[in-house]
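Worksheet for the structure shown next.
Both backbone and side-chain heavy atoms feed into the values below; hydrogens, waters and symmetry mates do not. Per chain, numbering begins at 1; letters A, B, ... match sequence-line order.
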Amino acid sequence: MSTSSTTPWMAPSLPAQMNQPQQGSFAGVQFQVFVSPYDVPTAIRGVHDPTLNRLLIEFKYLTDEPTDRVKADSAVTFRLGRNSHRMYAIEVDLKSVRGGIGLQPMDIEEAVMSAMKKLLDRTRPSNFNIAAHASTHSPDVFSVVPSLIWRK
Amino acid sequence: MMYGSKTRQRIHQSAKFVKWACGLGIVILSITLKINPDDYWDPFPKFFRWLAPYTPFLILGCAVVAPFAGWIQKLASDQNRWRNIHRVLDDLRDKCFVDVDDDPLDHHRATLFKHTNWRIRFCRWPWSGWLLPVERSGYLSRYGVQCFRAPDKGDEVEGVAGITYRKNAVVEIKDLPDLLGNPTENDFKVYSSQTGVSVAGLKKRLPKARSYCGFPVELKDGRPWGVIVLDSRKPDSMHSRAGKVFTDFCAPVLTILLEDS
């Protein structure tokens with residue numbers, strides 16, 4: 001039986017420009033657009049499964065829906081909301097990130113960002129940017145992986 | 001008609017009464033079929049003999065009407081749900097507008113629109129997709145609320161409600177011209193170009209609001225359900241943290257309240 005370790009749900013780090021309105025328009029109508037509150041994760045956590053050597057970064061939203069697994073590359077698989085296509089979780093196979101040896105949090109962030117770029121057309125852009133920022137700017141979620149090397 | 005309206009409550013109560021009356025009627029009429037009228041004192045024997053030929057038809061009628069009344073009751077039910085949604089809209093209105101203490105309540109409103117594929121109304125494109133008002137804050141200006149088109153062809157959406165539904169994001173429009181004074185043709189054009197409603201539509205139903213803020217509303221499973229539109233007669237009275245109020249307080253409660261709606 002695997003004994004995965006989990007961080008508590010914590011407030012995600014959100015991009016500062018998130019609250020800045022964007023100028024929107026269509027058919028000549030001008031308006032200010034803000035990100036939908038449903039696209040902003042309310043919490044983030046990390047889950048590490050030592051048996052599979054896999055890190056799972058999970059997001060919590062106002063909504064909760066069934067997800068579909070979408071494999072981006074050998075190391076990263078996403079769980080996207082079936083209806084909204086929001087990012088609900090990022091699975092990182094640590095063995096496949098630089099061979100899994102001497103890994104630093106930065107390596108995981110790079111693997112996640114590189115995988116996310118391949119998925120730009122499959123997700124909601126507004127949610128994608130926030131989830132990308134939250135997953136790469138919340139170092140606490142990586143603290144569940146004991147083998148990571150933290151450089152000061 | 002608003003879901004939480006008094007008319008709907010009356011329909012609910014009436015349908016409930018008819019359903020129970022029909023049920024009780026079936027029981028009583030069935031008993032009268034079995035009894036001997038002569039065992040009872042006047043005027044019952046005479047009444048039972050008069051009723052006897054009609055009894056099977058009355059039982060059949062009750063058996064048909066009772067489920068129909070139950071169906072109507074179900075359609076008009078969920079009064080508690082809509083009472084709570086009304087409270088949520090009232091609170092959202094109270095928290096999202098600033099410096100409006102002296103204004104009448106109906107100058108600053110929050111309206112919940114539900115997206116439906118068709119509308120029971122003699123109008124153009126009744127089947128094209130609509131945003132129908134289902135609840136509004138306060139107790140005034142609750143009737144005759146405008147419906148907006150939100151068809152499958154996204155380019156044809158109407159109004160702030162339609163724009164919000166299409167963008168699935170928070171949409172804010174402010175500093176609109178005052179159409180209540182002596183509006184010029186240019187005022188109508190500016191208002192029309194900023195709100196997505198035709199000039200003819202504006203002239204037909206002169207809007208009083210000068211600023212709007214639309215929020216998307218989703219169900220628990222992430223499917224879009226409709227929108228909430230805040231409107232104010234002031235050009236810029238929306239609180240800068242209206243979005244946070246909606247996220248922290250309104251959206252989680254609405255997600256639960258709208259489940260199975």
Side-chain angles (χ1 to χ4, degrees), chain A residues 9 11-12 14-44 58-70 78-89 122-131 134, chain B residues 153-160 162-176 189-198 211-225 227-228 238 240-256 258-259:
Chain A
W9 287 106
L14 300 173
Q17 69 271 22
M18 198 189 79
N19 292 320
Q20 298 299 317
Q22 292 182 342
Q23 209 63 33
S25 78
F26 83 86
V29 181
Q30 301 288 326
F31 46 85
Q32 286 192 319
V33 186
F34 297 82
V35 174
S36 166
Y38 295 94
D39 281 340
V40 183
T42 53
I44 185 172
E58 289 183 318
F59 299 96
K60 197 188 257 188
Y61 294 94
L62 291 172
T63 53
D64 186 18
E65 59 188 298
T67 55
D68 292 323
R69 294 177 84 241
V70 179
F78 296 108
R79 290 185 195 169
L80 303 181
R82 196 166 290 168
N83 296 316
S84 65
H85 303 291
R86 289 191 189 104
M87 186 79 68
Y88 274 84
R122 300 281 299 270
T123 58
R124 291 163 67 89
S126 52
N127 167 251
F128 174 86
N129 292 330
I130 296 168
Chain B
K153 289 178 186 167
D155 286 329
E156 294 174 13
V157 297
E158 282 179 349
V160 181
I163 297 168
T164 308
Y165 188 75
R166 189 190 188 199
K167 291 290 293 181
N168 200 1
V170 179
V171 171
E172 191 176 355
I173 297 168
K174 51 190 180 184
D175 297 322
L176 289 165
K189 280 182 186 162
V190 171
Y191 204 106
S192 166
S193 71
Q194 299 220 356
T195 57
V197 179
S198 67
S211 57
Y212 294 95
C213 188
F215 296 100
V217 175
E218 292 188 11
L219 293 176
K220 187 80 181 155
D221 62 3
R223 280 179 296 134
W225 185 89
V227 296
I228 288 180
M238 222 72 76
S240 58
R241 294 178 73 78
K244 185 152 175 58
V245 170
F246 180 78
T247 309
D248 292 351
F249 154 77
C250 184
V253 180
L254 267 185
T255 306
I256 296 164
L258 291 175
E259 225 166 328

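Residue B:Lys167 holds its NZ atom at 12.0 Å from OG of A:Ser36, rounded to the nearest 0.5 Å. Interatomic distance, B:Leu219 CG to A:Asn83 CG, rounded to the nearest 0.5 Å: 9.0 Å. The distance from atom CH2 of B:Trp225 to atom OG1 of A:Thr63, rounded to the nearest 0.5 Å, is 16.0 Å. Expressed to the nearest 0.5 Å, how far CG of B:Asp221 lies from OG of A:Ser84 amounts to 9.0 Å.
Contacts between B:Val160 and chain A at a heavy-atom distance below 4.5 Å are absent for every atom of the residue. Heavy atoms of A:Arg82 lying under 4.5 Å from chain B are absent altogether. Heavy-atom distances place the backbone of A:Val35, and not its side chain, under 4.5 Å from chain B.
For the set B:Lys244, B:Arg223, B:Lys174, the entry with the most heavy-atom pairs within less than 4.5 Å of chain A is B:Arg223. Comparing B:Thr164, B:Val217, B:Asp248 by how many heavy-atom pairs each has under 4.5 Å with chain A, the most go to B:Val217.
Take A:Ala11 and apply the side-chain contact (heavy atoms from CB on, under 4.5 Å) test, not counting sequence neighbours, and it matches no residue. Residues forming a salt bridge (Lys or Arg N to Asp or Glu O under 4.0 Å) with A:Asp64 (at least two apart in sequence, or on another chain): none.
Side-chain contact between B:Thr247 and A:Tyr38: absent, with no pair of heavy atoms (C-beta onward) separated by less than 4.5 Å.
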